[in-house]
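Below, chain A is the first sequence line, B the second, and so on; all start at residue 1.
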Amino acid sequence: MIDRDFHLRDHDLYRYIFDMAVQIPTGMVSTYGTMARSLGDQAASRAVGMMLAADHARPFKVPCHRVIYSDGRTGWYTGAGKGEERKRELLLSEGVPISDGRVLDLERTVFKDFRVDPILTRMADSQRELAPLVSEHGDAMRFERIAGLDVSYDGDRAFSAMVTVNRDGKVLEEKTARCQVNFPYVPGYLGFREMRPYSSLLNKARQDTLYLIDGHGRAHPRRAGIACQFGVVHGIAVGGVAKSVLTGSMETGSLYIENEEVGRVIKDGQGRERFISVGNRVDLTSLCSLVSSISHNPTTLAHDLCTRYRKGRS
DNA sequence: GCGACAG
DNA sequence: ATCTTGTCGC
(Lines give C-alpha, C1' and ligand atoms only; values in the text may rest on other atoms or scores of the structure.)
Protein backbone atom coordinates (compact mmCIF):
# COMPACT_ATOMS: atom_id res chain seq x y z
CA MET A 1 0.00 0.00 0.00
CA ILE A 2 1.39 3.32 -1.08
CA ASP A 3 1.53 6.23 1.39
CA ARG A 4 -0.59 8.67 -0.62
CA ASP A 5 -0.30 11.42 1.96
CA PHE A 6 3.50 11.30 1.74
CA HIS A 7 3.27 12.01 -2.00
CA LEU A 8 0.56 14.67 -1.73
CA ARG A 9 2.04 16.60 1.20
CA ASP A 10 4.04 19.82 0.82
CA HIS A 11 7.42 18.88 2.23
CA ASP A 12 9.08 22.11 3.38
CA LEU A 13 12.67 21.53 2.29
CA TYR A 14 13.54 25.12 3.18
CA ARG A 15 12.88 24.31 6.82
CA TYR A 16 15.19 21.29 6.60
CA ILE A 17 17.98 23.45 5.15
CA PHE A 18 17.54 26.24 7.72
CA ASP A 19 17.52 23.72 10.58
CA MET A 20 20.77 22.25 9.24
CA ALA A 21 22.52 25.58 8.66
CA VAL A 22 22.14 26.62 12.31
CA GLN A 23 23.90 23.41 13.33
CA ILE A 24 27.15 24.52 11.69
CA PRO A 25 29.35 25.66 14.61
CA THR A 26 31.00 29.07 14.63
CA GLY A 27 34.50 28.65 13.20
CA MET A 28 33.41 25.87 10.86
CA VAL A 29 31.74 25.72 7.43
CA SER A 30 29.78 23.15 5.43
CA THR A 31 29.27 22.61 1.71
CA TYR A 32 26.20 22.52 -0.54
CA GLY A 33 27.06 18.92 -1.46
CA THR A 34 27.57 17.82 2.15
CA MET A 35 24.20 19.21 3.16
CA ALA A 36 22.52 17.58 0.17
CA ARG A 37 24.14 14.24 1.03
CA SER A 38 22.91 14.51 4.60
CA LEU A 39 19.40 14.83 3.22
CA GLY A 40 20.02 11.72 1.16
CA ASP A 41 21.07 12.78 -2.35
CA GLN A 42 23.91 14.89 -3.69
CA ALA A 43 21.70 15.69 -6.69
CA ALA A 44 20.11 18.33 -4.45
CA SER A 45 23.30 20.37 -4.01
CA ARG A 46 22.27 23.09 -6.44
CA ALA A 47 18.85 23.20 -4.80
CA VAL A 48 20.54 23.70 -1.40
CA GLY A 49 22.40 26.72 -2.81
CA MET A 50 19.23 28.09 -4.40
CA MET A 51 17.30 27.77 -1.15
CA LEU A 52 19.98 29.49 0.92
CA ALA A 53 20.07 32.36 -1.60
CA ALA A 54 16.31 32.61 -2.03
CA ASP A 55 14.16 35.41 -0.72
CA HIS A 56 12.10 33.07 1.45
CA ALA A 57 10.55 33.62 4.90
CA ARG A 58 12.87 32.43 7.70
CA PRO A 59 11.67 31.57 11.21
CA PHE A 60 15.12 32.40 12.65
CA LYS A 61 18.50 33.78 11.66
CA VAL A 62 20.22 31.46 9.14
CA PRO A 63 24.05 31.59 8.83
CA CYS A 64 24.17 31.19 5.04
CA HIS A 65 27.76 32.49 4.95
CA ARG A 66 28.93 29.23 6.53
CA VAL A 67 28.02 27.19 3.45
CA ILE A 68 30.67 27.03 0.70
CA TYR A 69 31.64 25.03 -2.40
CA SER A 70 33.11 21.56 -1.87
CA ASP A 71 36.47 22.63 -3.36
CA GLY A 72 36.87 25.28 -0.64
CA ARG A 73 35.84 28.26 -2.75
CA THR A 74 33.96 30.66 -0.59
CA GLY A 75 31.40 31.79 -3.15
CA TRP A 76 28.80 34.48 -2.81
CA TYR A 77 26.80 35.78 0.12
CA THR A 78 23.33 37.16 -0.56
CA GLY A 79 22.65 38.53 2.94
CA ALA A 80 23.33 42.00 4.36
CA GLY A 81 26.45 43.56 2.82
CA LYS A 82 26.24 40.99 0.05
CA GLY A 83 29.19 39.81 -2.01
CA GLU A 84 32.25 37.62 -2.03
CA GLU A 85 34.21 39.97 0.20
CA ARG A 86 31.55 40.13 2.91
CA LYS A 87 31.30 36.34 3.12
CA ARG A 88 35.08 36.03 3.64
CA GLU A 89 35.05 38.78 6.26
CA LEU A 90 32.33 37.03 8.23
CA LEU A 91 34.09 33.66 8.08
CA LEU A 92 37.49 35.16 9.02
CA SER A 93 35.91 36.95 11.98
CA GLU A 94 34.57 33.59 13.14
CA GLY A 95 38.02 32.04 12.97
CA VAL A 96 37.71 30.08 9.72
CA PRO A 97 41.13 29.79 8.01
CA ILE A 98 40.96 31.39 4.55
CA SER A 99 43.67 32.12 2.04
CA ASP A 100 43.38 33.20 -1.58
CA GLY A 101 39.58 33.08 -1.40
CA ARG A 102 39.55 29.48 -0.25
CA VAL A 103 38.81 27.85 3.06
CA LEU A 104 41.85 25.85 4.20
CA ASP A 105 42.13 22.49 5.94
CA LEU A 106 38.72 21.26 4.74
CA GLU A 107 39.18 17.97 6.61
CA ARG A 108 38.89 19.85 9.87
CA THR A 109 36.79 22.89 8.95
CA VAL A 110 33.89 21.23 7.08
CA PHE A 111 31.07 20.24 9.44
CA LYS A 112 29.34 17.02 8.37
CA ASP A 113 27.52 15.68 11.44
CA PHE A 114 24.08 17.11 10.78
CA ARG A 115 21.17 15.81 12.80
CA VAL A 116 18.46 15.74 10.18
CA ASP A 117 15.77 13.43 8.81
CA PRO A 118 17.16 12.09 5.48
CA ILE A 119 14.01 13.09 3.65
CA LEU A 120 15.41 12.54 0.14
CA THR A 121 16.33 8.96 1.03
CA ARG A 122 12.77 8.38 2.18
CA MET A 123 11.44 9.97 -1.02
CA ALA A 124 13.67 7.81 -3.23
CA ASP A 125 12.60 4.71 -1.26
CA SER A 126 8.99 5.72 -1.74
CA GLN A 127 9.56 6.00 -5.50
CA ARG A 128 11.16 2.52 -5.58
CA GLU A 129 8.13 1.18 -3.71
CA LEU A 130 5.77 2.82 -6.18
CA ALA A 131 7.57 1.64 -9.34
CA PRO A 132 6.28 -1.98 -9.25
CA LEU A 133 2.70 -0.70 -8.90
CA VAL A 134 2.84 0.97 -12.33
CA SER A 135 0.81 -0.75 -15.04
CA GLU A 136 2.17 -0.50 -18.60
CA HIS A 137 -0.95 -1.92 -20.22
CA GLY A 138 -3.92 -0.11 -21.73
CA ASP A 139 -4.84 1.28 -25.12
CA ALA A 140 -4.41 5.05 -25.23
CA MET A 141 -6.83 5.21 -28.17
CA ARG A 142 -9.78 4.07 -26.06
CA PHE A 143 -9.92 7.35 -24.11
CA GLU A 144 -12.55 9.89 -25.13
CA ARG A 145 -10.89 12.59 -23.09
CA ILE A 146 -7.20 13.59 -23.07
CA ALA A 147 -6.14 16.05 -20.36
CA GLY A 148 -2.87 17.98 -20.56
CA LEU A 149 -1.43 19.37 -17.32
CA ASP A 150 1.34 21.88 -16.62
CA VAL A 151 2.57 24.25 -13.90
CA SER A 152 4.00 27.77 -14.06
CA TYR A 153 5.76 29.48 -11.14
CA ASP A 154 6.21 32.86 -9.54
CA GLY A 155 8.90 31.98 -7.03
CA ASP A 156 7.31 29.16 -5.06
CA ARG A 157 3.74 30.06 -5.91
CA ALA A 158 2.50 27.45 -8.35
CA PHE A 159 -0.11 28.16 -11.02
CA SER A 160 -1.35 24.93 -12.56
CA ALA A 161 -3.64 24.29 -15.49
CA MET A 162 -5.44 21.36 -17.09
CA VAL A 163 -6.85 21.43 -20.62
CA THR A 164 -9.03 18.51 -21.69
CA VAL A 165 -9.52 17.74 -25.38
CA ASN A 166 -11.12 14.95 -27.40
CA ARG A 167 -9.17 12.89 -29.93
CA ASP A 168 -9.91 15.47 -32.63
CA GLY A 169 -8.14 18.07 -30.53
CA LYS A 170 -11.34 19.95 -29.66
CA VAL A 171 -11.18 21.61 -26.22
CA LEU A 172 -13.79 20.16 -23.84
CA GLU A 173 -12.74 21.73 -20.55
CA GLU A 174 -10.21 24.09 -18.94
CA LYS A 175 -9.29 24.39 -15.29
CA THR A 176 -6.74 26.34 -13.24
CA ALA A 177 -5.57 26.23 -9.62
CA ARG A 178 -2.90 27.82 -7.47
CA CYS A 179 -1.00 26.75 -4.38
CA GLN A 180 2.22 27.37 -2.46
CA VAL A 181 5.06 24.86 -2.78
CA ASN A 182 8.08 24.76 -0.48
CA PHE A 183 9.97 21.98 -2.20
CA PRO A 184 12.38 23.16 -4.92
CA TYR A 185 13.18 21.52 -8.20
CA VAL A 186 15.58 18.64 -7.53
CA PRO A 187 16.46 16.33 -10.45
CA GLY A 188 14.75 13.00 -9.80
CA TYR A 189 12.26 14.44 -7.28
CA LEU A 190 10.05 16.60 -9.49
CA GLY A 191 6.98 14.70 -8.31
CA PHE A 192 7.45 15.98 -4.78
CA ARG A 193 7.39 19.56 -6.07
CA GLU A 194 4.49 19.27 -8.48
CA MET A 195 2.18 16.57 -7.13
CA ARG A 196 0.07 19.08 -5.17
CA PRO A 197 -0.28 21.67 -7.94
CA TYR A 198 -1.43 18.88 -10.29
CA SER A 199 -3.67 17.12 -7.78
CA SER A 200 -5.50 20.34 -6.92
CA LEU A 201 -6.79 20.31 -10.53
CA LEU A 202 -8.57 17.00 -9.97
CA ASN A 203 -12.13 17.26 -8.66
CA LYS A 204 -12.28 13.55 -9.00
CA ALA A 205 -9.94 11.14 -10.75
CA ARG A 206 -11.71 10.16 -13.98
CA GLN A 207 -11.26 6.72 -15.48
CA ASP A 208 -12.45 7.90 -18.91
CA THR A 209 -9.58 10.39 -19.15
CA LEU A 210 -5.94 9.95 -20.12
CA TYR A 211 -3.83 12.49 -18.27
CA LEU A 212 -0.67 13.80 -19.94
CA ILE A 213 1.94 15.36 -17.69
CA ASP A 214 4.95 17.56 -18.48
CA GLY A 215 7.78 15.29 -17.39
CA HIS A 216 8.85 11.66 -17.46
CA GLY A 217 7.18 8.50 -16.24
CA ARG A 218 9.28 5.33 -16.41
CA ALA A 219 12.21 7.18 -17.96
CA HIS A 220 13.43 7.98 -14.47
CA PRO A 221 16.39 6.73 -12.36
CA ARG A 222 14.01 4.77 -10.11
CA ARG A 223 11.39 4.13 -12.85
CA ALA A 224 8.98 6.35 -10.97
CA GLY A 225 8.94 9.81 -12.52
CA ILE A 226 6.19 12.31 -11.84
CA ALA A 227 3.83 10.72 -14.40
CA CYS A 228 4.08 7.39 -12.50
CA GLN A 229 3.64 9.05 -9.12
CA PHE A 230 0.57 10.95 -10.32
CA GLY A 231 -0.88 7.85 -11.98
CA VAL A 232 -0.42 5.43 -9.09
CA VAL A 233 -1.36 7.86 -6.32
CA HIS A 234 -4.68 8.67 -8.03
CA GLY A 235 -5.28 5.32 -9.75
CA ILE A 236 -5.56 6.88 -13.21
CA ALA A 237 -4.07 6.50 -16.70
CA VAL A 238 -1.14 8.86 -17.23
CA GLY A 239 1.46 9.49 -19.93
CA GLY A 240 4.73 11.37 -19.50
CA VAL A 241 5.46 14.01 -22.16
CA ALA A 242 8.90 15.60 -21.59
CA LYS A 243 10.86 18.17 -23.58
CA SER A 244 14.28 16.76 -22.68
CA VAL A 245 15.92 13.62 -21.32
CA LEU A 246 16.50 13.08 -17.60
CA THR A 247 18.33 9.77 -17.74
CA GLY A 248 18.98 6.87 -20.08
CA SER A 249 20.63 6.50 -23.47
CA MET A 250 19.04 7.22 -26.83
CA GLU A 251 19.24 4.59 -29.55
CA THR A 252 17.22 4.69 -32.78
CA GLY A 253 14.40 6.75 -31.33
CA SER A 254 14.12 4.86 -28.05
CA LEU A 255 15.33 5.67 -24.57
CA TYR A 256 16.99 2.81 -22.70
CA ILE A 257 17.96 2.22 -19.09
CA GLU A 258 19.98 -0.98 -18.64
CA ASN A 259 18.74 -2.50 -21.93
CA GLU A 260 15.12 -1.82 -21.04
CA GLU A 261 13.11 0.49 -23.29
CA VAL A 262 11.68 3.14 -20.99
CA GLY A 263 10.69 5.81 -23.49
CA ARG A 264 10.55 6.99 -27.10
CA VAL A 265 11.09 10.21 -29.05
CA ILE A 266 8.22 11.33 -31.20
CA LYS A 267 7.03 14.45 -32.94
CA ASP A 268 3.82 15.85 -31.48
CA GLY A 269 0.90 17.23 -33.52
CA GLN A 270 2.79 20.50 -33.96
CA GLY A 271 5.95 18.77 -35.12
CA ARG A 272 7.86 19.36 -31.89
CA GLU A 273 10.13 16.69 -30.42
CA ARG A 274 8.85 15.07 -27.23
CA PHE A 275 10.12 12.22 -25.02
CA ILE A 276 7.25 9.91 -24.20
CA SER A 277 7.19 7.42 -21.35
CA VAL A 278 4.53 5.44 -19.51
CA GLY A 279 3.07 6.95 -16.35
CA ASN A 280 0.40 4.38 -15.57
CA ARG A 281 -2.27 2.21 -17.24
CA VAL A 282 -1.20 2.78 -20.86
CA ASP A 283 1.23 1.04 -23.16
CA LEU A 284 4.10 2.98 -24.69
CA THR A 285 3.20 2.24 -28.32
CA SER A 286 -0.41 3.45 -28.21
CA LEU A 287 0.60 6.41 -26.04
CA CYS A 288 3.13 7.50 -28.67
CA SER A 289 0.55 7.08 -31.46
CA LEU A 290 -1.95 9.16 -29.56
CA VAL A 291 0.38 12.07 -28.77
CA SER A 292 1.58 12.10 -32.39
CA SER A 293 -1.95 12.08 -33.75
CA ILE A 294 -3.60 14.87 -31.72
CA SER A 295 -3.47 18.12 -33.71
CA HIS A 296 -2.98 20.25 -30.58
CA ASN A 297 -0.80 18.78 -27.84
CA PRO A 298 -2.91 19.19 -24.66
CA THR A 299 0.28 19.59 -22.64
CA THR A 300 1.19 22.65 -24.73
CA LEU A 301 -2.33 24.04 -24.32
CA ALA A 302 -1.98 23.61 -20.55
CA HIS A 303 1.43 25.28 -20.64
CA ASP A 304 -0.04 28.33 -22.38
CA LEU A 305 -3.02 28.44 -20.03
CA CYS A 306 -1.05 28.31 -16.76
CA THR A 307 1.42 30.92 -18.07
CA ARG A 308 -1.47 33.27 -18.88
CA TYR A 309 -3.05 32.50 -15.50
CA ARG A 310 0.19 33.35 -13.65
CA LYS A 311 0.72 36.60 -15.54
CA GLY A 312 -2.86 37.63 -14.90
CA ARG A 313 -2.98 36.80 -11.20
CA SER A 314 0.49 37.49 -9.82
C1' DG B 1 38.36 17.30 -19.91
C1' DC B 2 34.47 14.57 -18.41
C1' DG B 3 29.66 14.29 -17.41
C1' DA B 4 25.49 17.01 -18.21
C1' DC B 5 20.38 16.41 -14.30
C1' DA B 6 12.38 16.34 -16.15
C1' DG B 7 10.44 21.25 -14.50
C1' DA C 1 11.20 26.47 -14.39
C1' DT C 2 12.05 32.12 -15.02
C1' DC C 3 14.38 36.41 -16.85
C1' DT C 4 16.13 39.37 -20.60
C1' DT C 5 17.86 40.71 -24.86
C1' DG C 6 18.44 39.87 -29.61
C1' DT C 7 17.29 37.67 -34.11
C1' DC C 8 14.53 35.42 -37.58
C1' DG C 9 10.52 34.57 -40.37
C1' DC C 10 5.94 35.55 -41.85
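Nucleic acid contact for Ala43(A): none, since no nucleic acid atom lies under 4.0 Å from a heavy atom of the residue. Phe183(A) comes within 4.0 angstrom of nothing in the nucleic acid, heavy atoms only. Looking at heavy-atom distances under 4.0 Å, Val245(A) makes contact with sugar-phosphate atoms alone, never a base. Within the 4.0 angstrom heavy-atom criterion, no nucleotide atom of any strand lies near Gly240(A).
A side-chain donor from one of Thr285(A) and Arg264(A) sits under 3.5 Å from a side-chain acceptor of the other. Between the side chains of Asn182(A) and His56(A), at least one donor N or O sits under 3.5 Å from an acceptor N or O.
Using a 4.5 Å heavy-atom cutoff, the side chains of Met250(A) and Leu255(A) are in contact.
Atom CZ of Arg157(A) is separated from atom P of dA1(C) by 18 Å (rounded to the nearest Å). One interatomic measurement links the two molecules: CZ of Phe275(A) to P of dA4(B), which rounds to 15 Å at whole-angstrom precision. In this structure, the NZ atom of Lys243(A) is 10 Å from the P atom of dT2(C), given to the nearest Å. Between the CD1 atom of Ile257(A) and the P atom of dA6(B) there is a distance of 14 Å, rounded to whole Å. Distance, Asp41(A) CG to dC5(B) C1': 11 Å, rounded to whole Å. Atom pair Met123(A):CE and dA6(B):P shows a separation of 18 Å (rounding to whole Å applied). Between the CZ atom of Arg223(A) and the P atom of dA6(B) there is a distance of 17 Å, given to the nearest Å. Atom CE in Met51(A) sits roughly 20 Å away from atom P in dA1(C) (whole-Å rounding).
Taking only side-chain nitrogens and oxygens, Tyr153(A) never comes nearer than 4.0 Å to OP1 or OP2 of dG7(B). Residue Ser152(A) has no polar side-chain atom (N or O) positioned under 4.0 Å from OP1 or OP2 of dA1(C). Between Arg193(A) and the phosphate of dA1(C), there is no side-chain N or O to OP1/OP2 separation shorter than 4.0 Å. Contact between the side-chain N/O atoms of His303(A) and the OP1/OP2 oxygens of dA1(C) is found at a separation under 4.0 Å.
Checked by atom type and distance alone, the side chain of His220(A) pairs as donor or acceptor with a backbone atom of Gly188(A) at under 3.5 Å.
Among the candidates Tyr153(A), Tyr198(A), Tyr309(A), the single residue satisfying the ring-ring contact (aromatic ring centres under 6.0 Å, His included) test with Phe159(A) is Tyr309(A).
Between Phe192(A) and Tyr189(A), the ring planes lie tilted relative to each other; the angle falls in the 30° to 60° range. Between Tyr211(A) and Phe230(A), the angle of the ring planes goes over 60°, which puts this pair in the perpendicular group of the 30/60° scheme.
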Would you tabulate the nitrogen or oxygen pairs shorter than 3.5 Å linking the protein to nucleotides 8-10 of chain C?
none

